[in-house]
Amino acid sequence: MDLGIAGRRAIVCASSRGLGRACGFALAEAGCELVINGRDAARVQETAAEIAAATGAKVAAVAADVATADGQAALFAVCPQPDILINNNAGPAFRDFRELTRQQMIDGLIANMVVAIELIQRAIDPMVARRFGRIVNITSGSVKMPLFGLDLSSGARAGLTAFLAGVARSVVASNVTINFVLPGMFDTDRLQQNFEVAAKKKGISIEAARAERMAIVPAKRIGDPAEFAAACAFLCSAQAGYITGQSLLIDGGAYPGTF
(Lines give C-alpha, C1' and ligand atoms only; values in the text may rest on other atoms or scores of the structure.)
Protein backbone atom coordinates (compact mmCIF):
# COMPACT_ATOMS: atom_id res chain seq x y z
CA MET A 1 0.00 0.00 0.00
CA ASP A 2 1.32 3.43 -0.95
CA LEU A 3 0.95 5.51 2.21
CA GLY A 4 1.23 8.77 0.30
CA ILE A 5 3.98 10.19 2.49
CA ALA A 6 7.05 9.85 0.26
CA GLY A 7 9.20 12.94 0.70
CA ARG A 8 7.61 13.89 4.02
CA ARG A 9 9.96 14.78 6.87
CA ALA A 10 9.67 12.71 10.03
CA ILE A 11 11.16 13.01 13.50
CA VAL A 12 11.10 9.76 15.47
CA CYS A 13 12.10 10.17 19.10
CA ALA A 14 13.97 7.46 21.02
CA SER A 15 14.47 5.53 17.80
CA SER A 16 17.92 4.00 18.05
CA ARG A 17 16.40 0.72 19.27
CA GLY A 18 13.13 -1.04 20.05
CA LEU A 19 9.75 0.17 18.85
CA GLY A 20 11.06 3.60 17.89
CA ARG A 21 13.67 2.01 15.62
CA ALA A 22 11.01 -0.15 13.99
CA CYS A 23 8.82 2.91 13.37
CA GLY A 24 11.78 4.67 11.79
CA PHE A 25 12.31 1.76 9.43
CA ALA A 26 8.63 1.71 8.44
CA LEU A 27 8.54 5.43 7.69
CA ALA A 28 11.80 5.22 5.72
CA GLU A 29 10.34 2.35 3.69
CA ALA A 30 7.35 4.60 2.97
CA GLY A 31 9.72 7.19 1.48
CA CYS A 32 10.06 9.65 4.35
CA GLU A 33 13.16 11.68 5.13
CA LEU A 34 14.01 10.67 8.67
CA VAL A 35 15.52 12.10 11.82
CA ILE A 36 16.24 9.46 14.42
CA ASN A 37 17.23 10.07 17.99
CA GLY A 38 18.70 8.51 21.09
CA ARG A 39 21.14 9.28 23.89
CA ASP A 40 23.82 6.78 22.85
CA ALA A 41 25.64 8.54 20.00
CA ALA A 42 27.28 5.40 18.63
CA ARG A 43 24.00 3.47 18.68
CA VAL A 44 22.12 6.30 16.97
CA GLN A 45 24.70 6.54 14.20
CA GLU A 46 24.67 2.78 13.73
CA THR A 47 20.87 2.67 13.45
CA ALA A 48 20.82 5.60 11.04
CA ALA A 49 23.32 3.83 8.80
CA GLU A 50 21.30 0.59 8.92
CA ILE A 51 18.05 2.30 7.97
CA ALA A 52 19.68 4.29 5.17
CA ALA A 53 21.39 1.20 3.76
CA ALA A 54 18.25 -0.92 3.90
CA THR A 55 15.79 1.64 2.50
CA GLY A 56 17.79 4.22 0.57
CA ALA A 57 16.17 6.94 2.66
CA LYS A 58 17.81 10.14 3.78
CA VAL A 59 18.44 9.65 7.51
CA ALA A 60 19.88 12.14 9.99
CA ALA A 61 21.06 11.03 13.43
CA VAL A 62 20.68 13.27 16.48
CA ALA A 63 22.22 12.09 19.74
CA ALA A 64 20.31 13.99 22.40
CA ASP A 65 18.06 13.64 25.41
CA VAL A 66 14.66 14.93 24.29
CA ALA A 67 13.69 15.51 27.93
CA THR A 68 15.99 18.55 27.88
CA ALA A 69 15.55 21.89 26.14
CA ASP A 70 18.94 21.44 24.44
CA GLY A 71 17.96 18.01 23.17
CA GLN A 72 14.71 19.31 21.70
CA ALA A 73 16.53 22.22 20.10
CA ALA A 74 19.01 19.81 18.51
CA LEU A 75 16.18 17.81 16.92
CA PHE A 76 14.47 20.85 15.47
CA ALA A 77 17.74 22.36 14.29
CA VAL A 78 18.05 19.37 11.95
CA CYS A 79 14.36 19.32 10.99
CA PRO A 80 12.70 22.65 11.84
CA GLN A 81 9.31 21.79 10.34
CA PRO A 82 8.54 18.06 10.48
CA ASP A 83 5.47 16.71 8.71
CA ILE A 84 5.43 13.69 11.01
CA LEU A 85 6.33 13.51 14.70
CA ILE A 86 6.57 10.23 16.59
CA ASN A 87 6.78 10.86 20.32
CA ASN A 88 8.45 8.08 22.26
CA ASN A 89 10.43 7.85 25.47
CA ALA A 90 11.42 5.16 27.94
CA GLY A 91 9.18 4.74 30.95
CA PRO A 92 10.17 4.82 34.62
CA ALA A 93 11.54 1.66 36.20
CA PHE A 94 9.14 -0.79 37.86
CA ARG A 95 8.69 0.40 41.44
CA ASP A 96 6.17 0.25 44.28
CA PHE A 97 4.49 3.66 44.43
CA ARG A 98 5.36 3.93 48.13
CA GLU A 99 9.02 4.13 47.18
CA LEU A 100 8.64 7.01 44.73
CA THR A 101 10.19 10.29 45.76
CA ARG A 102 8.72 13.61 44.73
CA GLN A 103 11.59 14.18 42.29
CA GLN A 104 11.12 10.74 40.73
CA MET A 105 7.45 11.53 40.17
CA ILE A 106 8.29 14.88 38.59
CA ASP A 107 10.92 13.26 36.36
CA GLY A 108 8.44 10.58 35.27
CA LEU A 109 5.83 13.16 34.36
CA ILE A 110 8.38 15.16 32.40
CA ALA A 111 9.65 12.14 30.49
CA ASN A 112 6.29 10.58 29.62
CA MET A 113 3.95 13.57 29.41
CA VAL A 114 5.57 16.98 29.34
CA VAL A 115 8.24 16.22 26.70
CA ALA A 116 5.67 15.10 24.14
CA ILE A 117 3.61 18.23 24.72
CA GLU A 118 6.68 20.45 24.34
CA LEU A 119 7.63 18.80 21.04
CA ILE A 120 4.09 19.15 19.74
CA GLN A 121 4.11 22.83 20.69
CA ARG A 122 7.11 23.29 18.40
CA ALA A 123 5.75 21.25 15.50
CA ILE A 124 2.04 21.86 15.30
CA ASP A 125 1.59 25.39 13.94
CA PRO A 126 3.76 24.82 10.83
CA MET A 127 1.80 21.60 10.25
CA VAL A 128 -1.45 23.55 10.41
CA ALA A 129 -0.08 26.18 8.02
CA ARG A 130 0.92 23.47 5.50
CA ARG A 131 -2.35 21.58 6.04
CA PHE A 132 -0.60 18.31 6.73
CA GLY A 133 0.63 16.83 9.97
CA ARG A 134 0.69 13.44 11.61
CA ILE A 135 1.57 13.09 15.29
CA VAL A 136 1.71 9.65 16.88
CA ASN A 137 2.43 9.18 20.56
CA ILE A 138 3.76 5.80 21.62
CA THR A 139 2.37 5.26 25.11
CA SER A 140 1.59 1.88 26.73
CA GLY A 141 -1.07 -0.77 27.08
CA SER A 142 -1.02 0.13 30.78
CA VAL A 143 -2.94 3.31 29.90
CA LYS A 144 -5.99 1.07 29.42
CA MET A 145 -5.00 -1.72 31.81
CA PRO A 146 -2.85 -0.23 34.60
CA LEU A 147 -0.33 -2.48 36.30
CA PHE A 148 0.79 -2.10 39.89
CA GLY A 149 4.43 -1.02 39.90
CA LEU A 150 4.04 0.90 36.64
CA ASP A 151 1.79 3.50 38.25
CA LEU A 152 3.97 6.48 37.35
CA SER A 153 4.28 5.39 33.74
CA SER A 154 0.55 4.66 33.46
CA GLY A 155 -0.44 7.93 35.10
CA ALA A 156 1.86 10.13 33.03
CA ARG A 157 0.87 8.50 29.74
CA ALA A 158 -2.83 8.58 30.59
CA GLY A 159 -2.40 12.26 31.42
CA LEU A 160 -0.81 12.86 28.02
CA THR A 161 -3.73 11.11 26.32
CA ALA A 162 -6.29 13.28 28.10
CA PHE A 163 -4.27 16.47 27.59
CA LEU A 164 -4.04 15.97 23.83
CA ALA A 165 -7.63 14.82 23.30
CA GLY A 166 -8.92 18.35 22.91
CA VAL A 167 -5.83 19.49 21.03
CA ALA A 168 -6.36 16.73 18.47
CA ARG A 169 -9.86 17.93 17.71
CA SER A 170 -8.76 21.55 17.44
CA VAL A 171 -6.43 20.95 14.48
CA VAL A 172 -7.96 18.07 12.52
CA ALA A 173 -9.80 20.46 10.17
CA SER A 174 -6.31 21.48 8.99
CA ASN A 175 -5.45 17.85 8.19
CA VAL A 176 -3.32 17.52 11.30
CA THR A 177 -3.99 14.41 13.38
CA ILE A 178 -2.85 13.30 16.81
CA ASN A 179 -3.17 9.66 17.82
CA PHE A 180 -1.78 7.18 20.31
CA VAL A 181 -0.44 3.66 19.87
CA LEU A 182 -0.47 1.51 22.99
CA PRO A 183 1.94 -1.46 22.88
CA GLY A 184 1.59 -4.62 24.87
CA MET A 185 4.49 -7.09 24.92
CA PHE A 186 6.88 -6.64 22.02
CA ASP A 187 10.25 -8.24 21.41
CA THR A 188 12.53 -5.43 22.55
CA ASP A 189 15.60 -5.08 24.74
CA ARG A 190 13.44 -3.57 27.48
CA LEU A 191 11.11 -6.57 27.54
CA GLN A 192 14.09 -8.92 27.67
CA GLN A 193 15.37 -7.00 30.69
CA ASN A 194 11.97 -7.44 32.33
CA PHE A 195 12.19 -11.19 31.77
CA GLU A 196 15.64 -11.25 33.34
CA VAL A 197 14.42 -9.37 36.41
CA ALA A 198 11.38 -11.65 36.77
CA ALA A 199 13.51 -14.76 36.37
CA LYS A 200 15.94 -13.65 39.07
CA LYS A 201 13.14 -12.71 41.46
CA LYS A 202 11.32 -16.04 41.01
CA GLY A 203 14.41 -18.22 40.78
CA ILE A 204 13.49 -19.55 37.35
CA SER A 205 15.13 -19.45 33.93
CA ILE A 206 14.70 -16.51 31.59
CA GLU A 207 13.00 -18.87 29.11
CA ALA A 208 10.50 -19.89 31.80
CA ALA A 209 9.80 -16.26 32.65
CA ARG A 210 9.21 -15.55 28.98
CA ALA A 211 6.86 -18.52 28.66
CA GLU A 212 4.87 -17.39 31.71
CA ARG A 213 4.27 -13.98 30.17
CA MET A 214 3.36 -15.38 26.76
CA ALA A 215 0.84 -17.72 28.34
CA ILE A 216 -1.35 -14.81 29.48
CA VAL A 217 -1.55 -13.30 25.98
CA PRO A 218 -4.38 -14.77 23.88
CA ALA A 219 -2.15 -14.66 20.79
CA LYS A 220 0.31 -16.89 22.71
CA ARG A 221 3.31 -15.01 21.42
CA ILE A 222 5.24 -11.78 21.79
CA GLY A 223 4.70 -9.08 19.19
CA ASP A 224 7.14 -8.31 16.42
CA PRO A 225 8.17 -4.61 16.46
CA ALA A 226 7.59 -4.52 12.69
CA GLU A 227 3.89 -5.23 13.30
CA PHE A 228 3.69 -2.28 15.65
CA ALA A 229 5.58 -0.05 13.23
CA ALA A 230 3.25 -0.88 10.34
CA ALA A 231 0.28 0.36 12.36
CA CYS A 232 2.16 3.49 13.37
CA ALA A 233 3.10 4.18 9.74
CA PHE A 234 -0.52 3.85 8.64
CA LEU A 235 -1.58 6.46 11.20
CA CYS A 236 1.00 8.74 9.54
CA SER A 237 -0.37 8.10 6.06
CA ALA A 238 -2.28 10.40 3.75
CA GLN A 239 -5.21 7.98 4.09
CA ALA A 240 -5.43 8.43 7.87
CA GLY A 241 -6.59 12.04 7.89
CA TYR A 242 -10.02 11.13 9.34
CA ILE A 243 -8.55 9.35 12.39
CA THR A 244 -7.65 11.57 15.33
CA GLY A 245 -7.66 11.50 19.11
CA GLN A 246 -7.71 7.70 19.10
CA SER A 247 -5.80 5.11 21.12
CA LEU A 248 -4.87 1.98 19.17
CA LEU A 249 -4.08 -0.93 21.49
CA ILE A 250 -1.74 -3.54 19.99
CA ASP A 251 -1.34 -6.29 22.55
CA GLY A 252 -2.31 -9.66 21.06
CA GLY A 253 -5.67 -9.53 22.82
CA ALA A 254 -4.30 -9.14 26.36
CA TYR A 255 -6.73 -6.37 27.27
CA PRO A 256 -9.99 -8.19 28.13
CA GLY A 257 -12.44 -5.35 27.56
CA THR A 258 -14.71 -4.45 24.65
CA PHE A 259 -13.95 -0.73 24.67
Side-chain angles (χ1 to χ4, degrees), residues 12-24 37-44 46-47 65-67 87-116 137-161 180-229 232 249-256:
V12 186
C13 298
S15 47
S16 64
R17 65 184 74 202
L19 296 179
R21 179 180 184 274
C23 290
N37 157 254
R39 287 179 288 185
D40 183 331
R43 185 65 178 257
V44 175
E46 179 183 352
T47 300
D65 181 357
V66 294
N87 279 316
N88 183 35
N89 210 353
F94 188 92
R95 183 176 282 111
D96 188 310
F97 81 97
R98 298 173 184 83
E99 300 170 359
L100 291 169
T101 66
R102 181 183 183 88
Q103 190 58 53
Q104 286 171 332
M105 288 188 277
I106 290 170
D107 291 344
L109 287 169
I110 290 173
N112 295 133
M113 180 178 175
V114 175
V115 168
N137 303 283
I138 300 174
T139 59
S140 171
S142 68
V143 170
K144 284 185 71 76
M145 189 168 64
L147 298 172
F148 179 72
L150 294 178
D151 317 280
L152 181 54
S153 174
S154 303
R157 297 180 197 275
L160 175 67
T161 305
F180 309 84
V181 189
L182 288 58
M185 286 195 298
F186 280 86
D187 196 6
T188 63
D189 292 345
R190 183 176 173 86
L191 183 63
Q192 180 62 26
Q193 290 168 2
N194 289 346
F195 291 148
E196 291 170 3
V197 170
K200 185 176 181 180
K201 184 177 293 186
K202 295 181 178 182
I204 59 178
S205 69
I206 294 171
E207 292 73 19
R210 184 183 182 95
E212 277 188 0
R213 292 292 298 276
M214 283 195 295
I216 65 174
V217 178
K220 301 304 178 189
R221 66 180 179 87
I222 291 169
D224 182 340
E227 296 175 286
F228 181 92
C232 179
L249 182 63
I250 310 178
D251 69 348
Y255 175 69

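Nothing here was measured: the structure is a model prediction, and the numbers come from that model. One is the number of the first residue; the rest follow in order along the sequence.
At least one donor-acceptor pair under 3.5 Å links the side chain of T47 to the backbone N or O of S16. At least one donor-acceptor pair under 3.5 Å links the side chain of N88 to the backbone N or O of A14. The backbone N or O of G149 lies less than 3.5 Å from a partner atom in the side chain of D151, making a donor-acceptor pair.
Remark: L152 CG to R95 CZ distance equals 9.0 Å, nearest 0.5 Å. Remark: F97 CZ to Q104 CD distance equals 14.0 Å, nearest 0.5 Å. The CE atom of M113 sits 12.5 Å away from the OG1 atom of T139 when rounded to the nearest 0.5 Å. Atoms CG and CG, on N194 and D189 in that order, are 11.0 Å from each other to the nearest 0.5 Å. Taking CG of L249 as the start and CE of M145 as the end, the distance is 8.0 Å to the nearest 0.5 Å. Separation of atoms OG (S140) and CG (L150) is listed at 7.0 Å; rounding is to 0.5 Å.
Closest non-hydrogen pair, S142 versus S154, comes out as OG-OG, 3.0 Å. P225 and A22 get closest at one heavy-atom pair: O-CB, 3.5 Å. Nearest heavy-atom pair across V217 and G252 is CG1-O, 3.6 Å.
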Determine, step by step, whether C23 and V181 satisfy the side-chain contact (heavy atoms from CB on, under 4.5 Å) criterion, reporting the C-alpha distance in whole Å, the side-chain angles of both residues, the deciding distance to 0.1 Å, and the verdict. CA-CA 11 Å; C23 290; V181 189; over 6 Å; no

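At a threshold of 4.5 Å between non-hydrogen side-chain atoms, the residues T188 and L191 count as touching. For the pair I250 and P183, the minimum side-chain heavy-atom distance is 4.5 Å or more.
For F186, the ring-ring contact (aromatic ring centres under 6.0 Å, His included) partners at least two apart in sequence or on another chain are F228.
There is a side-chain donor-acceptor pair under 3.5 Å between Q103 and D107.
A salt bridge does not link K201 with E212: every distance from a Lys NZ or Arg NE/NH1/NH2 to an Asp or Glu carboxylate oxygen is 4.0 Å or more.
When the shell of 6.0 Å around CZ of R39 is examined, it contains 12 or fewer heavy atoms from other residues, nucleotides or ligands.
For the side chain to side chain contact (heavy atoms under 4.5 Å, CB included) test with L160, the passing option among N112, V143, V114, N137 is N137; the others fail. Only one option out of R221, R210, Q192 pairs with D187 in a side chain to side chain contact (heavy atoms under 4.5 Å, CB included); it is R210.
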